[in-house]
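Read the structure below first, then the notes.
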Amino acid sequence: MHHTGRHFLQIPGPTNVPDRILRAMDRPVIDHRGPEFAQLGCEVLEGLKSVFRTKGPVIIYPSSGSGAWEAAIVNTLSPGDGVLMFETGHFSNLWRDIAMRHGLMVDYIPGDWRRGVQASDAERRLSEDRQHAIKAVMVVHNETSTGATTRVAEIRQAMDRARHPALLVVDTISSLASIDYRHDEWGVDVTVGGSQKGLMLPPGLSFNAVSEKALTANKTAKMPRYYWDWQEILKPNRSGFFPYTPATNLLWGLREALAMLHEEGLENVFHRHDRHAAATRAAVEGWGLEVWCQEPREYSSSLTAVLMPQGHDADRLREIILEHFDMSLGTGLSKLAGKVFRIGHLGHFNDLMLAGTLSGVEMGLRLAEVPHKPGGIIAALNVLAQSQQEKMTRQKGPAASLPQDEPYQTL
Ligand SMILES: Cc1ncc(COP(=O)(O)O)c(C=O)c1O
């Protein structure tokens, strides 16, 4: 089918890359050992700290997020070390597999994929570990396969209550620059990030934000490492350089992404994601469908996974939506294949893009003959308009706002 206008890329990452970032990358490649690069390197290495909310170093890798997963492991641990991990979904499973292949003894707390990590589970296991065999607690902040977000501050509190010295290692690949996250304040030792989601960049960069305690662990960690070695990277980073050829043009994009995030303000970025997630859930409820995440306090602000009614295939719905409306939605991963579809509402996004996205879903439900109620879109628009009204009231005072009690009506 021939399509016109822009494709809607509403998978939970990679996300839409703003034209401003595309333009910033559209330039000749420069000498990565020259003075212009040094300035760029220093700027992005410093600027990234505010996104992770850390004063410590952030390592940049020219790799997808999986590289930063591996880097967190090989830089802090030794073969045979115990680690505590939690089954939150497809991505926790993959990270567990990496840990096992590196010879770690993984204590993997099972889960039903409909919730985040329970701090009480972490506290119980750590309290039992009197010999301190567990060297790291590894948590996926936002489980992209299910749309459940773990309350990382509570995991830190649980570790403190258990008086356990393990490192806290957190994957923020689908939450960084979308969902409130505080590396220093929450006492995280390694934060794993990626470029292709909240940072609005193409895939290809990944990150490790690193605490003092993690740097100390790095000195005695015995995992073999070369490409991922923090020490090899930190030395040249001091003057803005890298030990190997960096992804120069992605770094120009990163510089622009950081400028955009700073202009909007991180708090506003988080608030925007919260609103879009709330409006999406209102639509799902309006359609009479079910949000896959079962714990309202853990609803993800970067994506929503929607459960299909019995006997209806999520991938058929996605195919119909792609063919007729040129919109990509996230597929159900591994055991959720066919059962859920995922709506990405993170990154470079606004109210009308969300309204278009949800309209595409509603029309797709109709074409695919999936039983649903009309009214999802209206419910979402009411959430969006109401919060815009509240903003107007805050900015100009009550007299300037629209009447409060007149939501959109179904026709
Ligand atoms: C939470 C999470 N962790 C890790 C990854 C793996 O990252 P990548 O596919 O960039 O290697 C992803 C990818 O979507 C993810 O969402």
Side-chain angles (χ1 to χ4, degrees), residues 9-17 52 59-74 83 85-102 108 111 113-117 136 138-152 155 169-179 181 183 188 190-209 227-228 247 250 253-254 257 273 277 292-293 298-305 328-337 340-347:
L9 181 65
Q10 295 319 134
I11 58 175
T15 61
N16 297 290
V17 178
F52 285 89
I59 315 278
I60 304 176
Y61 294 109
S63 82
S64 87
S66 303
W69 259 349
E70 186 161 326
I73 289 172
V74 298
V83 295
M85 300 184 81
F86 307 84
E87 183 187 5
T88 48
H90 175 72
F91 290 102
S92 72
N93 275 357
L94 293 181
W95 204 11
R96 184 256 336 245
D97 292 349
I98 297 179
M100 287 172 68
R101 286 202 199 180
H102 283 81
Y108 198 48
W113 291 36
R114 300 196 76 164
R115 300 207 48 168
V117 177
M138 297 165 63
V139 174
V140 176
H141 182 212
N142 186 67
E143 177 53 74
T144 324
S145 60
T146 67
T149 307
T150 290
R151 296 184 298 281
V152 173
I155 306 296
V169 184
V170 181
D171 168 348
T172 63
I173 287 177
S174 61
S175 55
L176 188 72
S178 315
I179 300 173
Y181 184 77
H183 177 92
V188 180
V190 187
T191 299
V192 173
S195 57
Q196 73 271 29
K197 306 200 191 231
L199 280 176
M200 309 174 286
L201 291 163
L205 293 180
S206 69
F207 313 100
N208 277 180
Y227 185 74
W228 307 118
L250 280 172
L254 174 58
H273 284 78
W292 174 253
C293 173
E298 296 171 354
Y299 285 150
S300 169
S301 285
S302 54
L303 78 135
T304 301
S328 299
L329 294 170
T331 188
L333 293 169
S334 49
K335 74 175 192 185
L336 295 182
V340 304
F341 65 93
R342 295 171 301 143
I343 304 172
H345 34 71
L346 74 164

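Numbers here simply count residues along the sequence, with the first being 1. All ligand and atom numbering here is 1-based and tracks the order in the structure.
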Listed by chain and number, what are the side chain to side chain donor-acceptor pair (under 3.5 Å) partners of T150, not counting sequence neighbours? none
Could you grab the distance from atom OG of S64 to atom CH2 of W69, nearest 0.5 Å is fine? 8.5 Å
As a test of understanding, state which of I173, L303, L346 forms a side chain to side chain contact (heavy atoms under 4.5 Å, CB included) with N142. L303
Exercise answer, ligand 1 polar atom pairs (N/O) under 3.5 angstrom:
unit_1: ligand 1; atom_1: 3 (N); unit_2: D171; atom_2: OD2; d: 2.6
unit_1: ligand 1; atom_1: 10 (O); unit_2: G65; atom_2: N; d: 2.8
unit_1: ligand 1; atom_1: 10 (O); unit_2: Q196; atom_2: NE2; d: 2.8
unit_1: ligand 1; atom_1: 11 (O); unit_2: S64; atom_2: OG; d: 2.6
unit_1: ligand 1; atom_1: 11 (O); unit_2: G65; atom_2: N; d: 3.3
unit_1: ligand 1; atom_1: 11 (O); unit_2: S66; atom_2: N; d: 2.8
unit_1: ligand 1; atom_1: 11 (O); unit_2: S66; atom_2: OG; d: 2.6
unit_1: ligand 1; atom_1: 14 (O); unit_2: K197; atom_2: NZ; d: 2.7
unit_1: ligand 1; atom_1: 16 (O); unit_2: T144; atom_2: OG1; d: 2.5
unit_1: ligand 1; atom_1: 16 (O); unit_2: K197; atom_2: NZ; d: 3.4

According to side chain to side chain donor-acceptor pair (under 3.5 Å), who are the partners of W292, at least two apart in sequence or on a separate chain? none
Side-chain touch R342/T144, heavy atoms, less than 4.5 angstrom: yes
Just to verify, what does R96 make a salt bridge (Lys or Arg N to Asp or Glu O under 4.0 Å) with, not counting sequence neighbours? none
